[in-house]
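The structure appears below as structure tokens.
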Amino acid sequence: MKVLRNYINGQFQDASKGGTIELIDPSKNIVYGTAPDSGEEDVLNAINAAKSAFPIWSSMSIEKRNHYLNKIADLIDEKADMLAKAESLDNGKPIKLAARVDIPRASSNMRFFTNAILQFNGENYLMADGSVNYTVRDPLGVVSCISPWNLPLYLFTWKIAPALAAGNTVVAKPSEVTPLTAFLFTEICKEAGLPDGVLNVVHGYGHTLGNSLVKHDTIKAISFTGSTRTGGIIAQSAAALFKKVSLEMGGKNPNIIFADCDYDKMLATTLHSSFANQGEICLCGSRILVEESIYDQFLNDFVAKTKALKVGPPDLSSSKIGAIVSEDHYNKIRSYVQLAQEEGGRIECGGTRPDDLPETHQQGFYLLPTIITGLDQQCRTNQEEIFGPVVTVESFKTETEALEKANATKYGLSASLWTSNVHRAHRFSRSLESGIVWVNTWLKRDLRTPFGGVKQSGVGREGGFDALRFFTEVKNICIQVNTDEAL
Ligand code: NAD
């Protein structure tokens with residue numbers, strides 16, 4: 001049994017009231033450990049530690065801060081195998097996927113922002129009389145980073161790295177569903193010699209611990225990734241206290257396929273963009289819109305390829321899709337498959353558990369990748385985020401109809417567009433109500449680019465200098481040069 005602990009002021013501690021949360025391995029549905037069920041007292045201790053550490057950390061030279069952050073990145077790389085196995089145990093994703101995507105991205109996040117801060121500059125403007133305006137950017141103080149369960153260490157470090165690189169101290173809360181790699185990350189921080197109190201990680205539930213963290217007036221900014229519902233609750237609390245918020249929330253992303261696309265590339269990528277990480281990526285394309293002239297061919301090929309995807313234990317290298325993260329989420333996804341049928345949808349494949357699971361994994365939360373047709377864009381199946389290996393496919397006749405369907409939800413995180421017509425690529429991309437558009441590709445990430453959604457998918461942008469701007473406050477300094485000037 002693994003026993004996770006909070007990391008406050010450089011010390012590993014249990015929740016002050018002693019409560020714990022059971023941690024489940026979703027691939028087998030067995031308890032593998034416990035995490036602290038922390039509360040307000042733990043939040044206060046963590047905030048006080050971060051507050052005490054702030055003057056030292058914020059005044060430390062960037063080079064010295066970077067030394068610690070780069071050391072953390074090196075240790076993540078050194079322990080990559082162990083971290084990948086831990087991520088898979090906690091989340092249910094294939095170990096191979098965690099080793100290829102999640103863990104390398106966590107160390108890249110650390111390195112990227114240690115580098116970016118060296119290039120992060122203010123503005124300056126000379127006035128006609130020779131007076132000089134220049135801006136400086138200072139860290140905010142104690143900030144909070146709250147992350148979800150789908151890409152646990154990847155998204156945890158995506159927030160912590162820019163916050164720390166910019167000179168803030170942090171109280172972070174990983175998802176209570178997948179806290180293991182965040183705990184291992186704190187052990188790494190300790191080993192790297194990160195000064196006490198600079199990063200504090202508290203474990204517990206969102207509605208208790210998360211809520212008191214968000215509401216504390218010492219917390220100057222909240223960087224949150226999770227559901228739109230929780231984002232709304234956090235935005236309300238933060239608004240009353242005028243805190244800065246960055247909210248990365250849900251999606252219901254369209255994947256728009258025109259007949260003039262590179263068909264083979266589109267098909268291979270669409271398989272990936274639909275079902276990678278069990279479809280539990282906020283950027284997965286869950287509404288596939290296909291030009292009518294290739295609809296039948298596409299559906300036929302897509303169903304055949306999807307049926308060939310192997311669903312199974314995350315530690316088997318043959319498994320392309322692992323287990324759904326938790327029983328609650330598994331039941332939620334299945335309820336949407338049921339709903340889709342009630343709404344008149346036709347299940348082209350999937351929708352059930354695989355029947356070839358080994359005896360050891362019979363109790364795990366597995367679902368075959370599911371393709372649904374026969375639904376319009378207005379039904380709940382196409383309006384609500386399912387966040388699992390479930391997609392719908394619908395045809396369109398014209399570009400106007402495709403655009404109308406693509407934009408027909410309250411979400412606007414990302415979109416994929418498949419066409420070889422460069423004029424259409426530009427025109428259509430500009431009209432999509434979406435923070436990110438991938439043309440003839442999916443999830444191609446450059447960490448310098450702004451990342452985030454519009455509509456109910458997001459407020460603000462992460463990535464590159466946007467993240468560093470979020471975690472700093474700008475000040476304009478105007479120096480009068482001509483001292484004789486009359487006012
Ligand atoms: P969630 O909103 O349930 O939880 C996210 C985090 O918020 C967790 O750490 C949780 O404990 C915490 N939390 C919950 N209630 C809180 C409260 N009242 N105050 C403070 N914190 C609280 O989301 P989830 O189920 O963990 O993650 C899945 C969701 O995340 C999906 O909607 C997905 O689209 C979204 N997501 C978005 C992005 C993005 O970049 N836009 C990336 C990944 C996941």
Side-chain angles (χ1 to χ4, degrees), residues 21 35-40 43 90-91 93 101-102 105 109 144-160 171-179 181-182 201-216 219 222-238 243 245-253 276-286 324-326 328-330 332-333 336 384-388 409-414 434-436 443 445 449-463 466-467:
I21 299 171
D37 178 7
S38 314
E40 203 167 347
V43 165
D90 218 11
N91 172 277
K93 67 179 73 198
V101 177
D102 295 69
R105 176 59 190 276
N109 287 340
S144 171
C145 300
I146 301 178
S147 55
W149 49 254
N150 65 321
L151 299 165
L153 190 61
Y154 172 135
L155 289 175
F156 198 58
T157 49
W158 179 234
K159 297 175 177 304
I160 288 171
V171 180
K173 191 198 108 46
S175 167
E176 63 276 22
V177 183
T178 54
T181 48
V201 176
V202 278
H203 298 275
Y205 292 110
H207 63 283
T208 51
L209 169 71
N211 196 35
S212 33
L213 182 54
V214 166
K215 287 192 167 147
H216 199 284
I219 299 290
I222 301 149
S223 173
F224 165 80
T225 299
S227 63
T228 296
R229 190 180 158 274
T230 307
I233 297 171
I234 291 176
Q236 278 190 359
S237 308
K243 291 171 194 255
V245 286
S246 164
L247 305 172
E248 298 296 340
M249 304 181 286
K252 191 77 184 173
N253 310 308
N277 204 48
Q278 300 71 245
E280 296 165 337
I281 303 181
C282 54
L283 306 162
C284 278
S286 54
I324 301 298
V325 71
S326 67
D328 279 356
H329 196 56
Y330 174 76
K332 176 188 151 183
I333 297 169
Y336 273 103
E384 297 174 17
E385 186 184 41
I386 300 173
F387 212 51
T409 75
K410 66 178 181 180
Y411 295 107
L413 184 54
S414 70
S434 166
I436 302 156
L443 228 177
R445 291 286 290 121
T449 59
F451 178 93
V454 300
K455 293 156 83 176
Q456 293 194 25
S457 286
V459 174
R461 291 291 179 274
E462 296 189 313
D466 280 289

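Each ligand, and each atom within it, is numbered from 1 in the order the structure gives. In this chain, numbering begins with 1 at the start of the sequence shown.
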Just to verify, what does F387 make a ring-ring contact (aromatic ring centres under 6.0 Å, His included) with, not counting sequence neighbours?
W149
Please work out, at 4.0 Å between heavy atoms, whether the side chain, the backbone, both, or neither of L155 comes within that distance of ligand 1.
side chain
Looking only at non-hydrogen atoms, the one of G226, S144, P148 nearest atom 35 (C) of ligand 1 is G226
Does ligand 1 have an atom that lies less than 4.0 angstrom from a heavy atom of P174?
yes
Please work out, at 4.0 Å between heavy atoms, whether the side chain, the backbone, both, or neither of I146 comes within that distance of ligand 1.
side chain
Among all residues two or more places apart in sequence or in another chain, which pass the ring-ring contact (aromatic ring centres under 6.0 Å, His included) test with Y330?
F365
State the atoms of ligand 1, each with its element, that fall below the 4.0 Å cut-off from a heavy-atom position in F451.
40 (O)
Looking at ligand 1, does any of its N/O atoms fall within less than 3.5 Å of an N/O of V214?
no
Do any N/O atoms on T228 end up under 3.5 angstrom from N/O atoms on ligand 1?
no
Is any N or O atom of S227, backbone or side chain, closer than 3.5 Å to an N or O atom of ligand 1?
yes
I'd like to know whether ligand 1 has S147 as a neighbour, heavy-atom separation below 4.0 Å.
yes
The closest protein heavy-atom partner of atom 24 (P) of ligand 1 is W149 NE1, 3.4 Å
Can you tell me if S175 contacts ligand 1 (heavy atom of the residue under 4.0 Å from the ligand)?
yes
Going by the 4.0 angstrom heavy-atom rule, the piece of L213 near ligand 1 is neither
Nearest to atom 11 (O) of ligand 1, what protein heavy atom do you find, and at what distance?
E176 OE1, 2.6 Å
